[in-house]
Amino acid sequence: MNFFETHYNGKILLVDAAGSASESMSLESSLVREYLGGAALNRALYDRFRDDDPIVFGTGPLTGGFAPAACLLVATFRSPLTGRITNVPLTLRTGPQVKYAGFDFIVLRKKSSDPKVIVAHNEAVTLSPGETYNGLQLTEMLEQARREFGRPESFVWPGAVTPSLASAATGRGGGFDRRGLAAALAEKNIKALFIYGNDGLPFGADDLVRSDRIIGDMKKNLTKKEVGFAGILDRIGEDQAARAVPRRKVRHMACARCPVPCMSHILVPKGLSGSEGTLLADHLGFAALAKHVGIGVYRLITACNEAGIDPIAVADWLAAGITQEEVLSFIANLVQGKEDNVPTGNRGGDFYGPLSEEDCDFFGGGLPPLYDTADEASIEAWKTRTARAMILGVCPILAARFPMLDAALPSFLADNTEQAKAMEQTLGSLAETVITGT
Ligand code: SF4
């Protein structure tokens with residue numbers, strides 16, 4: 001396999017949260033041969049630096065290149081919520097940005113005694129004082145970052161509320177963290193990670209042509225109804241939530257290189273959301289709220305995204321009889337640090353049918369369950385596709401929607417049939433280790 005040079009920068013960035021410096025080390029080709037990348041290689045790095053309780057942010061070999069939805073960054077860490085090792089997929093532009101900044105993996109080690117923000121530029125990282133980010137909501141946080149460092153190309157933000165209720169966000173629509181990435185960042189006293197990558201991009205010579213062909217095939221039988229946020233709600237049977245999403249005057253939003261987006265920007269009538277538009281990206285969070293408040297979901301999801309609170313935690317309060325108005329004032333108090341008697345709920349386990357909480361650790365507990373909950377084979381196939389995507393550095397939602405990607409994605413990393421076979425074998429056994437967390 002000779003994809004190492006063409007798909008990676010060959011660099012790991014080590015960031016010491018307790019200090020102010022970072023250093024880079026080489027990404028050994030032997031490590032890539034054995035673990036390929038993403039969640040599998042993250043785990044190897046996690047184990048190497050285990051004594052420092054690291055959070056490992058890792059790209060896959062396809063991240064940032066021309067493969068469909070090659071947008072993924074994966075965070076691997078010990079969850080302060082469960083004590084177990086877990087992976088959280090981070091989408092939008094986070095993965096490509098890490099590669100554009102000249103790295104493949106970032107290992108965040110130890111704890112800071114005072115609040116800090118991490119700023120990753122091309123081939124360097126700085127740790128800056130983060131006191132001014134205390135208690136800031138999303139819009140204020142981004143404004144503060146813009147003033148200090150320029151508009152972030154990409155970010156990971158642990159939210160402004162109690163870590164046990166927060167969900168790490170990578171954009172205005174929240175994220176897929178329901179396993180404590182926000183809490184792990186908070187434990188290290190990290191207020192945000194900003195990435196400003198503008199360097200070149202490693203990719204294979206035939207990748208663009210291959211990608212265009214695959215994307216053409218993916219779109220052949222696709223209907224308009226299947227594209228966008230509501231398309232996913234339809235697929236997972238969340239009918240009530242799907243009815244709350246308008247099908248017209250909607251702007252679908254895509255992560256890097258995603259041909260079939262699952263996010264939508266909705267213009268909501270004023271008074272319903274508290275803002276002119278809302279980015280919908282967290283399918284389960286939206287569905288959980290819509291179950292209780294119907295169209296009132298827009299006000300709540302906007303407040304959740306601004307505060308960085310997990311909408312499913314909020315849905316648990318609604319289930320316990322707390323009114324919408326009380327929820328909004330509760331969130332405001334949480335942001336101001338005035339509320340410490342915080343009810344924590346089950347954070348979404350109900351959506352995954354027979355999967356246990358431990359089963360959900362490998363994908364962060366926030367992805368839409370694109371499988372038939374009554375069909376074991378369908379569940380197993382979904383788990384395998386999700387794990388493979390999280391190793392290759394491709395969005396697991398797109399990989400789960402299009403089984404044709406099972407063979408198409410590894411084809412970017414193999415030059416001949418023999419290599420393809422070896423790749424398939426490695427990927428299969430690594431996916432199993434990612435799923436079981438071993
Ligand atoms: S399927 Fe959704 S989350 Fe995945 S890459 Fe496309 S837009 Fe992003």
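Whatever order the structure lists them in is the order used to number ligands and atoms, beginning at 1. Just the heavy atoms: all of them, side chains too, but no hydrogens, waters or symmetry mates, feed the values below.
Under the 3.5 Å distance criterion, the side-chain polar atoms of Ser79 are matched with a main-chain donor or acceptor of Arg179.
A cation-pi arrangement is present between Lys99 and Tyr8 under the rule of less than 6.0 angstrom and at most 45 degrees off the ring axis.
The ring pair (Phe, Tyr, Trp, His ring centres under 6.0 Å) analysis of residues 230-256, with sequence neighbours excluded, yields no pairs. For the ring pair (Phe, Tyr, Trp, His ring centres under 6.0 Å) condition, the pairs that include at least one residue of residues 370-410, sequence neighbours left out, are Phe363-Trp382, Tyr371-Trp382.
Taking the ring-ring contact (aromatic ring centres under 6.0 Å, His included) definition, one finds that Phe229 meets it with His283, Phe286, sequence neighbours left out.
Protein N/O/S atoms closer than 2.8 Å to atom 8 (Fe) of ligand 1, listed by chain and residue number, are Cys255 SG.
Between Arg235 and Glu226 no salt bridge is recorded (no basic side-chain N to carboxylate O distance below 4.0 Å).
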